[in-house]
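Below is one structure, written out as structure tokens, with a few remarks after it.
Computed from a predicted model, the values in this text were never measured in an experiment.
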Amino acid sequence: MSTSETPDYVRIKKEEVLRFCEACMQTVDTEEDQSRQLSSVLVEADYRGHFSHGLNRLPWYIRDIREGITEKQGTPEILKESVATAWVDGRNMLGPVVGNFCMDLAIKKAKEAGIGWVAVKGSSHYGIAGWYSMRALEHGMIGISMTNSTPITAPTRSKGRILGTNPIAVAAPAEHGDSFVLDMATSAVSHGKIEMQKRKNEKLPQGWCLDSDGKPTEDPDDVIDRGGCIQPIGGSEITGGYKGYGLLTLVDVFCGILGGGHYGPNVRMWTKSNEKPDLGQMFAAIDPSRFCDGFEGRLSDFMGILRGLEPVDPDKPVLVAGDPERQHMAKVDSEGGIPYHRNLVNSMNKLADELGVTPMKVIHVMLTSYRLAVLTTTSVGRLLSLSKSGSNLGFEGRLDTGKPKTSNMSTDSLHVKISKDEVLKFCESCMHAAGAEKDHGRQLSEVLFAADYRGHFSHGLNRIHMYVRDIQAKITEKEGSPVVLKESPGTAWVDGKNLLGPVVGNFCMDLAIKKAKDIGIGWVVAKGSNHYGIAGWYTMRALEQGLIGISMTNTSPLNAPTRSKKGTLGTNPISVGAPAKDGDSFLLDMATTTVAVGKIEMQKRKNEEMPVGWGQDVDGHTTQDPRDVMDRGGCLQPLGGPEITGGYKGYGLSTLVEVFCGILGGGHYGPNVRRWMSTTDVADLGQMFAAINPACFCDGFEGRLSDLLGTLRGLEPADPSKPVLVAGDPERAHMAKVDKEGGIVYHKNLIDSMNELAAELKVTPMKLM
């Protein structure tokens, strides 16, 4: 290095960073053990490459201790408890102290009941969420953690900062010490990354943030000091940001709303040192041994498949969640220390002088090239740079004022209207004619009808052919009942016996509801199931009982993992429903791909092009021809699209669903799931269903949720013609329109197809209105 060059980065040993953090915390009279717990989390963040949540955060913790905002000693308190759940008051102690206490409690309960679910109020910033989910790995368990945070993210259509970056972390153990570790903000980036850009005097990448007027900005000061905000995963509405917004809200439902802490805009800003944070957080542990034996082996096999996929770019291999961190840790170990930017080290030296502690000892200096190499090999798209393309990606219809586009709801030459009763009767008649047991046909028909009624046409009448063919080909059983194979107080493992998906789904969710009423939570996983329609149908069953519902399913491999050409994962939907007051609710029902495969089917059926960004061709290139996806070996892309626009997060979510469904349940998973529309192979889908009783946590859940939903809906929109909505509002508006007009409007091509099916099965066609 030339003497005229100033090193941008220096390297410091982990032990030295740990010593420094502990020493700093103890100068403000933090209890020794609690200083250690905090310091361990900060060092782990930097060791894993999450510099936004490590040493960078130390001054904030010191400030809060000094000013009496965070307590420097004490113990969290359990306020309510069942065999599988607990509600904890963190008593405004350091976040890692609260988090460790709660996760250890969840693990203890999982050992007894199969699952432990702990919600907390009165906590504070707890570092990287993955720290807590990884504690479960040490016990051979799956760990989950979430936290709400400073309101810095704008809900879709809003220009105001109302929600936090609200991270989700899920860790699952594989063989030989390997693991799946997803740790992601549900915003485009974490707030800490904005801080890091400011500290380094660097611009923000395109697509991370908006200024106070709702316009894109590259200046970190616009966000940190001038009232700007971060965008959700997916960015703007046109690029699927409404799904990221739904996930942001989901985290607050499980944290601030369930735990009774602050939520949404009530959470303090980091810059305010005169308010207690009172964050809400959740921690869960699940014992895989309560489900299908061999969980770790299946997960290892699955991750090996993903890592072995042919990449689009040979220089960028396909990774799984946790691999970038493993690479970074290996690099730190081989090179003897953690790399820090000189600006950060300079600020830590000033802190050392102020507190009277020994500064950190630097062991090596580096130039900028090191930083670039680290980001290239370990970040997996951490620095987003969203496309400026103005192409319409077709998401407005999912988050509009509730009035579907004219082309979908007018009875013109291309559209016809049919009564709700007529649709139900036709579906039941078709399934009975195909040989399905009458009650099974009814259960399926109710789900298909609900999909169309709610505006999810890709999962309604459009699907009836598939179910009929599977019954006729004896790929799906036409009668029988699911069987419980294993059961504990909080869990159950079910064999769906290859019955119709809605039959299996209703059975499993009802079992989860029963367990939630008994002990606060029920977590049920099934193998041997089939396509079950809209995931939201099952969460709505929990809503009817005043419970929170969760459902996920794996699906046919049509989704390309980030960097891969090949469809190896399904659209793998996630649905979460939570009850509010007066019949209102939060109801998220989303594919973890940019769009569901049904939307591609609908474009093909209507002979229309796909919007840019929905799918890629067989060579991994973006395509607008739905046939490239449905017929020519192409595939869908995960939420966020390609890696550069954050698709690695959508890929992580798709994999997460597979972990909870095919891997945990012992059904088919990943590329082992049968190809779409195949009638020669049994589907053997894995699915999961959970119900949570809010009464086992802080009283007043429904009132708090109503307050948050009202706040979100009342936000000033960036465009006055497009009000801010919450998950479930587009469906409510669609149902109200159907009720008002007396029927559901379908495309004529679909009805022509249904008439052909009616003739084939010798059933009465649907009557048009």
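- A donor-acceptor pair under 3.5 Å is formed between the side chain of Glu658 and the backbone N or O of Gly670.
- In this structure a side-chain-to-backbone donor-acceptor pair under 3.5 Å is missing from Asp518 to Pro489.
- Looking only at distances, a side-chain donor or acceptor of Ser551 sits under 3.5 Å from a matching main-chain atom of Met688.
- Within the 3.5 Å criterion, the main-chain N or O of Gly703 finds no donor-acceptor partner in the side chain of Asp707.
- Counting heavy atoms from C-beta on, the side chains of Cys292 and Trp493 come closer than 4.5 Å.
- The nearest pair of heavy atoms linking Arg632 to Asp625 is NH1-OD2, 3.0 Å.
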Practice prompt. Any chance you could lay out the side chain to side chain contact (heavy atoms under 4.5 Å, CB included) test for Phe426 and Glu422, step after step, and finish with the verdict?
Written response: CA-CA 6 Å; Phe426 176 75; Glu422 191 70 12; 5.7 Å; no
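- For Asp589 and Trp537, the side-chain atoms include no donor-acceptor pair closer than 3.5 Å.
- Taken to the nearest 0.5 Å, the SG atom of Cys427 stands 13.0 Å off from the CZ atom of Arg463.
- Considering only heavy atoms from C-beta on, Cys635 comes within 4.5 Å of Gln616 through its side chain.
- With ring centers used as reference points, His734 lies 6.0 Å or more from His456.
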Practice prompt. Please lay out, stage by stage, how Trp614 and Val629 fare under the test side chain to side chain contact (heavy atoms under 4.5 Å, CB included).
Written response: CA-CA 10 Å; Trp614 281 19; Val629 175; over 6 Å; no
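- One finds a salt bridge joining Arg732 and Asp729 here, because a Lys/Arg side-chain nitrogen approaches an Asp/Glu carboxylate oxygen to under 4.0 Å.
- Within 6.0 Å of NZ in Lys486 there are more than 12 heavy atoms belonging to other residues, nucleotides or ligands.
- Atom NZ of Lys420 has more than 12 heavy atoms from other residues, nucleotides or ligands within 6.0 Å.
- Judged as a salt bridge (Lys or Arg N to Asp or Glu O under 4.0 Å), and not counting sequence neighbours, Asp681 has no contacts.
- Between Val726 and Tyr245 the shortest side-chain heavy-atom distance falls below 4.5 Å.
- Using a cutoff of 4.0 Å between basic side-chain nitrogens and carboxylate oxygens, Asp510 and Lys514 are not scored as salt-bridged.
- The distance from the CD atom of Gln637 to the OG1 atom of Thr622 is 5.0 Å, given to the nearest 0.5 Å.
- For Pro638 against Thr594, the heavy-atom pair with the smallest separation is O-OG1, 3.1 Å.
- Checked by atom type, the side-chain pair Asn559/Thr593 shows no donor-acceptor distance below 3.5 Å.
- Under the 4.5 Å side-chain criterion, counting only non-hydrogen atoms from C-beta, Met552 is not in contact with Pro573.
- Across all their heavy atoms, Thr186 and Leu248 have their closest contact at OG1-CD2, 3.0 Å.
- With 3.5 Å as the limit, one finds no donor-acceptor pair spanning the side chains of Ser419 and Asp421.
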Practice prompt. Show the numbers, then the answer: is there a side chain to side chain contact (heavy atoms under 4.5 Å, CB included) between Leu461 and Met754?
Written response: CA-CA 8 Å; Leu461 190 59; Met754 293 302 104; 3.7 Å; yes
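- In this structure, the separation between CD on Gln443 and CG on Leu500 is 8.5 Å, given to the nearest 0.5 Å.
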Worksheet item: Where do Asp439 and Arg442 land on the salt bridge (charged side-chain N to carboxylate O under 4.0 Å, His left out) test, with the steps shown first?
Response: CA-CA 5 Å; Asp439 179 64; Arg442 177 190 57 78; 2.4 Å; yes
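- The number of heavy atoms from other shown groups lying within 6.0 Å of NE2 (His432) does not exceed 12.
- By the 30° and 60° cut-offs, the orientation of the rings of Trp523 relative to Trp117 is tilted.
- You'll find the side chain of Asp739 reaches within 4.5 Å of the side chain of Tyr453, heavy atoms only.
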Practice prompt. Output, in order, the C-alpha distance, side-chain angles, deciding distance and verdict of side chain to side chain donor-acceptor pair (under 3.5 Å) for Tyr746 and Asn462.
Written response: CA-CA 10 Å; Tyr746 291 102; Asn462 182 55; over 6 Å; no
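- Side-chain atoms of Asp628 never come within 3.5 Å of backbone atoms of Gly634 as a donor-acceptor pair (strictly under, hydrogens ignored).
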Item to complete: Apply side chain to side chain donor-acceptor pair (under 3.5 Å) to Asp684 and Asn498, showing your working.
Response: CA-CA 7 Å; Asp684 191 15; Asn498 200 32; over 6 Å; no
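- One distance of note links OG1 of Thr623 with CD of Glu609; it measures 8.5 Å at 0.5 Å rounding.
- At least one side-chain heavy atom of Asn755 sits less than 4.5 Å from a side-chain heavy atom of Ile751.
- His440 places a side-chain N or O within 3.5 Å of a backbone atom of Gly480 that can act as its donor or acceptor partner.
- Contact detail for Pro579 and Phe701: the closest heavy-atom pair is O-CE2, 3.4 Å.
- Atom CZ of Arg627 has 12 or fewer neighbouring heavy atoms from other residues, nucleotides or ligands inside a 6.0 Å radius.
- From Met509, atom CE reaches atom OH of Tyr532 across 8.0 Å, with rounding to the nearest 0.5 Å.
- Ionic pairing of Lys604 and Glu601 is not present here: no N-O contact between side-chain nitrogen and carboxylate oxygen is shorter than 4.0 angstrom.
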Discussion item. As a quick check of understanding, evaluate side chain to side chain donor-acceptor pair (under 3.5 Å) for Tyr467 and Asn530, giving each step before the final call.
Written reply: CA-CA 9 Å; Tyr467 296 102; Asn530 284 281; over 6 Å; no
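- No side-chain heavy atom of Gln687 sits under 4.5 Å from any side-chain heavy atom of Val525.
- With rounding to the nearest 0.5 Å, the separation of CG in Leu639 from CG in Asn572 is 12.5 Å.
- Side-chain contact check for Leu588 versus Thr249: every heavy-atom pair is 4.5 Å or farther apart.
- The shortest heavy-atom contact between Ile471 and Ala436 is CG2-N, 4.1 Å.
- Judged purely by atom type and a 3.5 angstrom limit, Asp582 has no side-chain atom pairing as donor or acceptor with the backbone of Asp584.
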Discussion item. As a quick check of understanding, evaluate side chain to side chain contact (heavy atoms under 4.5 Å, CB included) for Phe660 and Ile144, giving each step before the final call.
Written reply: CA-CA 12 Å; Phe660 285 139; Ile144 309 172; 3.7 Å; yes
Expected list for residues 757-769: side-chain donor-acceptor pairs under 3.5 angstrom, two or more places apart:
unit_1: Glu760; atom_1: OE1; unit_2: Arg469; atom_2: NH2; d: 3.1
unit_1: Glu760; atom_1: OE2; unit_2: Arg469; atom_2: NH1; d: 2.9

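- Across Gly536 and Ser575, no two heavy atoms sit closer than the pair CA-OG, 3.2 Å.
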